[in-house]
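See structure below.
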Amino acid sequence: MSHPSSNPTDKPPADLAKALEKNKHATEVVQGAAEDLSVVHAVLDSEVPKETLHPDVGQAIEQTDQLKDKLRLAEEKLKAVNETLERQVASKGS
């Protein structure tokens, strides 16, 4: 009869729990950056008169919007990984 931890593909729950915590932290960091970038974008887009903008500033405003979308997508992917890790931790812990 083999020992449950003898299979090299089975990670101990502590390792999965640690990975989950790191991933949750990364998710929070990405979420915070996306929120900060949204504020910057909103200020630049609404409070700076368009006619006074240098073309580079207009391009920067557009790039902040694109970056915000990329960060939101990364956040969604990280949350999906978190859910998978949570299921794995729960199943290995029981």
Side-chain angles (χ1 to χ4, degrees):
M1 187 170 181
S2 72
H3 189 271
S5 64
S6 64
N7 186 346
T9 60
D10 286 342
K11 298 258 187 218
D15 287 349
L16 286 175
K18 188 182 289 186
L20 175 59
E21 286 308 309
K22 286 181 180 180
N23 209 62
K24 282 183 177 182
H25 178 71
T27 303
E28 291 170 2
V29 169
V30 168
Q31 183 178 18
E35 290 169 1
D36 291 347
L37 192 57
S38 290
V39 171
V40 170
H41 176 74
V43 169
L44 288 174
D45 196 37
S46 65
E47 294 187 19
V48 177
K50 304 291 185 249
E51 59 277 356
T52 64
L53 287 179
H54 187 278
D56 290 343
V57 176
Q59 184 178 0
I61 293 170
E62 179 61 32
Q63 286 178 328
T64 62
D65 195 39
Q66 292 170 6
L67 287 171
K68 178 185 63 157
D69 292 341
K70 287 180 182 180
L71 284 169
R72 293 283 181 212
L73 181 59
E75 178 187 355
E76 289 173 18
K77 289 179 180 182
L78 284 167
K79 284 181 178 180
V81 171
N82 288 343
E83 291 171 6
T84 301
L85 286 170
E86 285 173 346
R87 285 192 300 272
Q88 289 294 315
V89 168
S91 71
K92 299 228 182 242
S94 51

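With contacts defined as side-chain heavy-atom distances shorter than 4.5 Å, the pair His25/Val29 qualifies. In this structure, the side chains of Lys79 and Glu76 stay at 4.5 Å or more apart for every pair of heavy atoms.
A distance of 5.0 Å separates OG1 of Thr27 from CG of Asn23, quoted to the nearest 0.5 Å. The distance from atom CD of Glu21 to atom CG of Asn82, rounded to the nearest 0.5 Å, is 9.0 Å. Rounded to the nearest 0.5 Å, atoms CG (Leu16) and CZ (Arg87) are 12.5 Å apart.
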With a 3.5 Å cut-off and sequence neighbours excluded, list the donor-acceptor pairs that the side chains of residues 33-41 form with protein atoms.
unit_1	atom_1	unit_2	atom_2	d
Ser38	OG	Ala34	O	3.0
His41	ND1	Ile61	O	3.1
His41	ND1	Thr64	OG1	2.8

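Among residues two or more places apart in sequence or in another chain, the salt bridge (Lys or Arg N to Asp or Glu O under 4.0 Å) test is passed with Lys24 by Glu86. Looking at residues two or more places apart in sequence or on another chain, you find a side chain to side chain donor-acceptor pair (under 3.5 Å) between Asp65 and Lys68.
Under the 4.5 Å side-chain contact rule for hydrophobic residues, Leu20 and Leu78 do not share a cluster. Neither Leu44 nor Leu67 shares a network with the other; the hydrophobic side chains, linked directly or stepwise wherever heavy atoms of I, L, V, M, F, W or Y lie under 4.5 Å apart, form separate groups for each.
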> What's the verdict on side chain to side chain contact (heavy atoms under 4.5 Å, CB included) for Arg72 and Glu75, showing C-alpha distance, side-chain angles and the deciding distance?
Replying inline: CA-CA 5 Å; Arg72 293 283 181 212; Glu75 178 187 355; 3.3 Å; yes

